[in-house]
Amino acid sequence: MTDRPEGRAADDDPREAMERWRSTTRARAVRSAPERREGFETSSGLEIADLYTAADLELAGFDPDRDLGLPGEPPFTRGVQATMYRSRFWTMRQYAGFATAEETNHRFRYLLEHGQTGLSVAFDLPTQMGFDSDAPEAEGEVGRTGVPISSLADMEVLLDGLPLDEVSTSMTINSTAPILLALYVAAAEKQGVARDRIAGTTQNDILKEYIARGTWIYPPAFSMRLVTDIFEFCARDLPRWNTVSISGYHMREAGATAAQELAFTLADAIAYCEAAVSRGLAIDDFAPRLSFFFAAWSELFEEVAKFRAARRMWARIVRDRFGASNERSMACRFHVQTAGSSLTAQSIDNNVVRTTVQALAAILGGAQSLHTNARDEALALPTEASVRLALRTQQILAHESGVTETPDPLAGSYFVETLTTQLETAAQAYLDEIDAMGGTLAAIEGGFQQRQIQESAYRVQQAIEHGDLVVVGVNRFRDDGAGEAVQPIQRIDPDGERRQIERVRRVRAERDAAAWAASLDRLEAGARGGTNLLPPIIEAVNAYATVGEISDRLRSSFGVHRELITV
């Protein structure tokens with residue numbers, strides 16, 4: 001006998017019967033759950049139905065022949081590799097950087113010894129903004145939010161003894177990305193690692209800085225030139241280097257919804273592709289090495305759907321908009337970091353649970369690389385013990401949970417497939433709106449993305465303050481603190497700033513002044529002309545020109561960006 005929703009006859013229209021069933025069930029749920037929030041919806045405002053059936057897939061516009069496919073095949077909804085984690089786990093890449101190059105090098109070694117499989121470098125704010133550690137603007141910020149790198153001497157210490165021909169290195173750097181890439185190449189070559197063996201990623205995503213993060217230096221047009229210079233240089237000289245990590249993460253951290261994160265990230269990717277094609281690069285020459293960076297939040301199914309929609313949308317954009325013929329160009333490969341702004345300073349043990357759920361979403365969604373946040377990061381940079389626990393979280397999910405044993409285990413779920421299609425529709429609406437404005441740069445200059453994110457962040461904060469959105473341990477289920485032990489937090493040695501400044505000044509005193517001056521003059525001439533700036537930047541860093549000195553030459557050539565204040 002076939003099971004049917006209550007009240008359905010054999011000859012009923014299935015949609016009418018399902019709606020009757022939903023109405024009955026909804027009334028029961030409201031009566032039995034008085035604390036239930038008014039209406040269920042995702043962070044993107046997508047209404048969650050009481051039950052999902054094949055009819056919901058049809059209503060959403062899902063076509064399995066068009067939208068699903070097999071893992072490793074376009075449109076890559078089910079993953080970019082045919083076997084996914086059955087043959088290889090994602091790269092476990094814990095983000096690290098603090099105090100000094102020596103201390104960060106020690107943390108990298110510690111993580112590799114405990115099973116990390118890739119490096120991820122956090123740089124301090126002065127390095128991100130193109131200031132040396134002894135600049136007046138850097139005072140009090142050296143080594144606070146990442147490792148300070150002012151010259152090749154610092155990069156050599158940071159990478160000392162690390163197997164650069166065996167591990168890939170991700171560098172979260174944007175405005176100064178060409179300089180830090182040049183430093184990495186120079187340091188690797190000093191270790192004897194050839195350029196065709198150097199593997200990793202520069203974030204190099206300047207557009208999201210104007211939208212959500214703020215570490216820009218130059219006006220957008222000149223910044224886009226530097227981004228494209230990296231594309232062009234790597235296509236020729238660094239075959240294993242990912243030229244950009246197009247980042248939705250920071251927009252999500254600033255308050256974007258899942259749909260906005262998806263749309264604005266893809267809009268930035270379109271702008272980078274357009275810039276590279278305008279430079280004369282063929283889409284299939286650079287697109288296979290574009291990568292993405294997304295956030296993972298705790299709303300498990302929406303996050304899984306977001307990752308699946310991202311792959312499907314990108315495959316279609318690269319094929320239909322840019323005419324790619326190489327399937328590798330259409331594959332959206334991405335790194336995921338669990339949601340830093342979801343961590344709470346109250347009851348920090350709860351953060352372990354949040355991070356686990358978020359990491360599970362990334363894995364079920366098919367990430368190629370993952371960073372799990374540490375439990376104490378709402379208080380300070382993480383300690384070694386908390387970093388180890390965060391890494392162990394990934395290892396337990398990889399080896400004990402069973403979720404890696406088949407590709408895309410949630411495929412075919414009425415709920416997940418409906419959400420995936422609905423998120424694609426919602427994100428496409430934003431993309432269409434951005435196109436109508438004249439593209440990503442025009443939309444940014446008009447403050448469109450910024451306003452959308454600000455409004456979303458405001459709505460969420462209001463929901464938390466009114467108690468409509470529960471944050472465990474903050475506005476509900478608070479702990480009195482009696483059962484929670486006081487945890488040690490990571491302390492930054494204030495003497496590290498002095499030692500770092502001494503090294504910068506020693507480099508300036510000991511370098512070949514003539515070679516240094518000539519290299520900077522050639523760099524400035526290239527900046528005022530139209531040549532690719534990576535070769536003269538590499539020459540300059542090998543002459544021990546500093547990050548600040550190189551950035552200043554580019555400031556004098558390009559000018560600096562002033563923020564548009566949106567209300």
Between [Y] and [X], do the side chains contain a donor N or O and an acceptor N or O under 3.5 Å apart?
X	Y	answer
Q500	T100	no
E497	S133	no
N373	Q337	yes
R213	Q128	yes
R333	S369	no
E302	S43	yes
E539	S519	no
Q358	S342	yes

For the residue pair [X] and [Y], what are the closest heavy atoms and their distance?
X	Y	result
A362	L370	CB-CD1, 3.9 Å
T201	S245	CG2-CB, 3.8 Å
A324	I283	CA-CG2, 3.8 Å
V547	G130	CG1-CA, 4.1 Å
C332	V80	O-CG1, 3.5 Å
T243	T202	O-OG1, 3.5 Å

Under a 4.5 Å cut-off applied to non-hydrogen side-chain atoms, are [X] and [Y] in contact?
X	Y	value
Q203	I173	no
T546	R511	yes
I179	S551	yes
F334	V336	yes
L158	V121	yes
D521	R553	yes
E102	R499	no

Original post:
Who passes side-chain contact (heavy atoms from CB on, under 4.5 Å) against P535, sequence neighbours left out?
Top reply: F233, R236, N532

**OP:** Could you walk me through whether R144 and D124 pass the salt bridge (Lys or Arg N to Asp or Glu O under 4.0 Å) test, one step at a time?
**Re:** CA-CA 6 Å; R144 295 291 167 173; D124 72 357; over 6 Å; no

Under 6.0 Å between the ring centres of [X] and [Y]?
X	Y	value
Y249	F294	no
F222	H561	no
W314	F292	yes

**OP:** In sequence, state the C-alpha distance, the side-chain angles, and the governing distance for S175 and Y218, and then conclude on side-chain hydrogen bond (donor to acceptor under 3.5 Å, both in side chains).
**Re:** CA-CA 8 Å; S175 293; Y218 318 110; over 6 Å; no

Calculate, to the nearest 0.5 Å, the distance between atoms [atom1] and [atom2] belonging to [X] and [Y] respectively.
X	Y	atom1	atom2	result
N242	I230	CG	CD1	12.0 Å
T215	H250	OG1	NE2	8.0 Å
L111	Y95	CG	OH	14.0 Å

Original post:
Between D134 and R503, is a salt bridge (Lys or Arg N to Asp or Glu O under 4.0 Å) present by the stated rule, with each step listed?
Top reply: CA-CA 10 Å; D134 64 343; R503 181 156 57 217; over 6 Å; no

Original post:
When you measure from the side chain of R197 to the backbone N and O of D165, does any donor-acceptor pair fall under 3.5 Å?
Top reply: yes

Between [X] and [Y], is there a side-chain N and carboxylate O pair less than 4.0 Å apart?
X	Y	value
R195	D237	yes
D132	R508	yes
E303	K306	yes
R328	D284	no
E261	K208	no
E232	R225	no

Original post:
What do the steps show when you test S456 against Q260 for side-chain hydrogen bond (donor to acceptor under 3.5 Å, both in side chains), and what is the final call?
Top reply: CA-CA 9 Å; S456 295; Q260 289 169 346; 3.0 Å; yes

Original post:
When you look at Q368 and T91, which way does the side chain to side chain contact (heavy atoms under 4.5 Å, CB included) test go after all the steps?
Top reply: CA-CA 6 Å; Q368 280 61 66; T91 301; over 6 Å; no

**OP:** Mark yes when over 12 heavy atoms from residues, nucleotides or ligands other than R528 sit less than 6.0 Å from its CZ; otherwise mark no.
**Re:** yes

Subject >> CD (E137) with more than 12 external heavy atoms under 6.0 Å >> reply: yes

Subject >> Worked verdict on Q94 versus Q394 for side-chain hydrogen bond (donor to acceptor under 3.5 Å, both in side chains) >> reply: CA-CA 10 Å; Q94 292 298 114; Q394 293 199 47; 2.7 Å; yes

Original post:
Tell me the side chain to side chain donor-acceptor pair (under 3.5 Å) pairs involving residues 262-276, sequence neighbours left out?
Top reply: D205-Y272

